[in-house]
Amino acid sequence: MMQLKTESDLLLPAGIAVSGNAESQLACRAHAELPHAYRTPFARDAARILHARAFRRLAGKTQVFTRLPAEGLSDHFRSRLTHTLEVAQISRTVAAALGLNTELAEALALAHDIGHPPFGHAGEKALDRALRAHGLSFDHNLHALRIVTWFEERYPAFRGLNLTLAVREGIVKHSRDYTAEDHPELAGYFLHQLPPLEAQLIDLADEIAYLTADLDDGLDSGILALDRVREASPLFRGFHDAALARYPQAAPRLAVYEALRQVLNALVTDLIEEVHARVGALGATVLADIRRAPQRLAALSPQMEAERIAVKEFLYASLYNSPGQEQEHIRAEEVVIELFQRLMAEPGLMPEDHQAQIPTEGLARTVADYIAGMTDSYIVQLWRRCSRG
Ligand code: MG
């Protein structure tokens, strides 16, 4: 496997990266602002996301394990915040190696999970189910857009964070494409075109971060057995065998960490090389070529894609849907659905600034917005209080 040098030899043609020039269309903001003396528009956006309340609340939201005090829960398991920081690190690495806009990639990585409700995917599923009874649905990408364009209040001059067009487009499109027919409200985000590579790579960086992290936390929690991980992932097994052979005296867990580190590195390197190869095969030289490509160009090679799918299937069967986790999901869904119904019946239980949204957004969406912003511990506290009341 090819080794990355400090000076990457996998740089893409310069015209493919999103320009950080404050004059460019993608650096435009809904409310005009003076340029900063020494920061680019995307560096400012990354900082705005980092300083947002919704970002800080990610510390109290489930990645895999809930953030509630429970027996066996370690403080060092990932929260959605530490997962986000790992995605940001991988995204910066990939963007830098390819000569893409690292500041844009970082801003998008920091925002990629900001729209997640409490209790991870169980919470998202429950909130979606509750809304569907009212003819609506919940989508964490679209919720993230609502957070950065409306809910965050930090500026006297406008609501939201007033992020650049490139960051808003990337928030909407980092993991899926939307059609203008289904989402007329997204018409300004080039729905008939693919997003820039800086946005496309976030989904893969996310997958790489959580698959390797979840093997780590899954083994650490005792839910995953080492021999099962070795069976499920030939890539892990190869690196683990090599680590055991090279460091026979090392503590067993250090050989596991070494193997996980190598798996992460191999996936990231493969992503960089595959994007480089696909862009080369297309003959793309400018961003417009990426936008008009027949499909997304950020992808793993077929061999690594097979590995990714095998590890993901293994994690679904053995960790995410393990009996202990299933119990947690059922409880999480009960809490979300019961609190949703309670707030629908008694909107006066919501804070006044949320109640003020009801006339424009409708009651069901307002309740969902309020619940989506909660941390795991806050929703449980409120649910207990409401259940007693
Ligand atoms: Mg994520």
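Both counts, for ligands and for their atoms, begin at 1 and track the order of listing. Numbering of residues begins at 1 and proceeds along the displayed sequence.
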(request) Check whether any N, O or S atom of His112 sits under 2.8 Å from the Mg ion (ligand 1). (result) yes
(message) Restricting to N, O or S, what is the name of the atom of Asp113 that lies nearest the Mg ion (ligand 1)?
(response) OD2
(message) How long is the straight-line distance from CG of Asp139 back to CG of Leu127, given to the nearest 0.5 Å?
(response) 11.5 Å
(request) Could you tell me which N, O or S atom of Asp206 is nearest to the Mg ion (ligand 1)? (result) OD1
(request) Could you tell me whether Asp177 and Lys173 make a salt bridge, using a distance below 4.0 angstrom between a side-chain N and a carboxylate O? (result) no
(request) May I ask you to check whether His116 and His83 place their ring centres under 6.0 Å from each other? (result) no
(request) Cation-pi check, Arg176 to Tyr178: give yes when NZ or CZ is under 6.0 Å from the six-membered ring centre and within 45° of the ring axis, no otherwise. (result) yes
